[in-house]
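Below is one structure, written out as structure tokens; comments come after it.
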Amino acid sequence: MIVVLKQGASEQQREDLIEWIKSLGLDVHLSIGKMQTVLGLIGDTGSIDTELIEGLAIVESVMRVTEQFKKANRKFHSDDSVFEISGAGGSGPKKIGDGNFMMIAGPCSVESEEQICAIAESVKASGAQMLRGGAYKPRTSPYDFQGMRDEGIGLLLKAKKLTGLPIVTEIMDLSHLEHFCEVDVIQVGARNMQNMELLKQLGRTNKPILLKRGLSSTLKELLLSAEYIMAGGNEQVILCERGIRTFETATRNTCDIGAVPVLKELSHLPVIVDPSHACGIARYVRPLTLAAVAAGADGIIVEVHNNPEKAMCDGPQSLKPEEFAELVKAVERVRAAVNS
């Protein structure tokens with residue numbers, strides 16, 4: 001249930017109403033927007049008398065929400081959410097959401113200190129605001145490279161210290177959480193999107209969570225996974241479309257560009273696109289990136305490698321540093337055209 005307050009309602013009136021609602025056994029999500037203040041009532045609201053609430057002097061309107069996702073719902077939070085992510089070395093915070101576009105780039109997998117630091121310097125020079133890199137790698141085959149694990153996180157932190165770029169890397173299991181203390185954004189991959197126990201635990205952290213859509217998951221299921229994190233108290237969730245499995249075989253996955261406007265309509269959370277995993281082919285990354293920007297995405301996460309031919313993981317979908325530099329320029333042109 002959503003309660004919209006009238007403009008001019010005092011803070012004391014609002015707090016009195018919240019206290020009364022909580023006395024009924026409900027939780028209240030407060031959203032103070034640019035144009036209106038909304039109270040989201042969470043719990044069993046079936047016995048709540050909507051006419052009684054509507055009759056209160058400070059209440060503009062009341063409506064019931066049928067969707068199962070509440071905190072992620074735009075009805076609960078009409079303004080776009082904006083998250084700040086800080087880097088190292090005194091670099092200012094980077095923002096994502098509500099017109100703040102973020103370019104995230106780096107290798108699929110951390111392979112060495114020389115590799116990750118060189119790529120970090122190159123993508124920063126081209127305009128990236130965050131560095132990605134896999135330390136723990138979920139692979140389909142048990143015989144493929146599984147990543148450098150906690151050593152890989154250590155190398156990411158060296159690249160962060162060198163460039164000031166915040167880092168994002170994927171968590172695989174609850175037991176790994178202790179190694180993520182200095183990671184700026186924790187990524188939940190497609191395979192773990194519905195690992196509910198992991199999502200619950202991440203809901204108790206205070207770090208932004210980059211949540212990737214599952215290979216065969218609906219947008220509703222993605223939003224409900226975000227709800228698991230937010231219900232635990234952590235409302236800093238970034239949604240990521242990374243391609244879904246369809247009958248098409250020309251590309252690794254099918255990039256659902258349409259997910260961007262749909263998610264933006266349903267939720268206030270930032271939405272980014274991963275064109276690298278979505279197609280699995282480097283030459284398609286640029287057009288998919290530009291399509292995502294035109295569709296209204298809040299950011300892009302792209303794989304960049306200084307020697308894709310010898311990459312230990314996902315080389316065929318990785319851009320070279322000079323290709324990423326050109327992509328950033330193209331993104332800026334499309335954003336300027338869309339916003340003009």
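The side chain to side chain donor-acceptor pair (under 3.5 Å) test with Asp16 is passed by exactly one of Arg14, Gln13, Gln12: Gln12.
For Glu248, the CD atom sits in a packed shell: over 12 heavy atoms of surrounding residues, nucleotides or ligands are nearer than 6.0 Å. The neighbour count for Gln68 CD, taken as heavy atoms of other residues, nucleotides or ligands under 6.0 Å away, does not exceed 12. No more than 12 heavy atoms of other residues, nucleotides or ligands lie within 6.0 Å of NZ in Lys22, so this atom counts as exposed by the packing criterion. Counting non-hydrogen atoms of other residues, nucleotides and ligands closer than 6.0 Å to CD of Glu15 gives a total above 12.
In terms of the side chain to side chain contact (heavy atoms under 4.5 Å, CB included) criterion, residue partners of Ala135 (sequence neighbours excluded) are, by chain and number, Ile153, Thr169. The salt bridge (Lys or Arg N to Asp or Glu O under 4.0 Å) search around Lys95 returns Glu84, not counting sequence neighbours.
Ion pairing of Glu241 with Arg213 is present here, as a side-chain N (NZ or NE/NH1/NH2) and a carboxylate O approach within less than 4.0 Å. Comment: Lys320 engages Glu309 in a salt bridge, judged by a side-chain N to carboxylate O separation of less than 4.0 angstrom. With salt bridges taken as basic N to acidic carboxylate O contacts below 4.0 Å, one links Asp298 and Lys264. Salt-bridge annotation for Arg74 and Asp80: present, with a side-chain N of the basic residue lying under 4.0 Å from a carboxylate O of the acidic one. Note on Glu227 versus Lys70: no salt bridge recorded, every NZ/NE/NH1/NH2 to OD/OE distance being 4.0 Å or above. A salt bridge is defined here as a Lys NZ or Arg NE, NH1 or NH2 lying under 4.0 Å from an Asp or Glu carboxylate O, and Arg132 with Glu303 meets this definition.
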Residues 327-339 side chain polar contacts: donor-acceptor under 3.5 Å, at least two apart:
residue: Arg335; atom: NH2; partner: Gly99; partner atom: O; Å: 3.1
residue: Asn339; atom: ND2; partner: Arg335; partner atom: O; Å: 3.0

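For the residue pair Thr45/Arg64, the side-chain donor-acceptor check at 3.5 Å is satisfied. A donor-acceptor pair shorter than 3.5 Å can be found between the side chains of Thr140 and Arg191.
By the 30° and 60° cut-offs, the orientation of the rings of His29 relative to His77 is tilted.
Between the Lys94 side chain and the Pro166 main chain, no donor and acceptor come within less than 3.5 Å of each other.
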*asked:* Using side-chain hydrogen bond (donor to acceptor under 3.5 Å, both in side chains), reason through His277 and Asp274 one step at a time and then give a plain yes or no.
replied: CA-CA 6 Å; His277 281 94; Asp274 178 348; 2.8 Å; yes
*Step-by-step side chain to side chain contact (heavy atoms under 4.5 Å, CB included) determination, Leu269 to Phe83*: CA-CA 9 Å; Leu269 298 173; Phe83 305 140; 4.2 Å; yes
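Atoms CD and CZ, on Glu111 and Phe145 in that order, are 6.5 Å from each other to the nearest 0.5 Å. One distance of note links OG of Ser318 with CD1 of Ile281; it measures 12.5 Å at 0.5 Å rounding.
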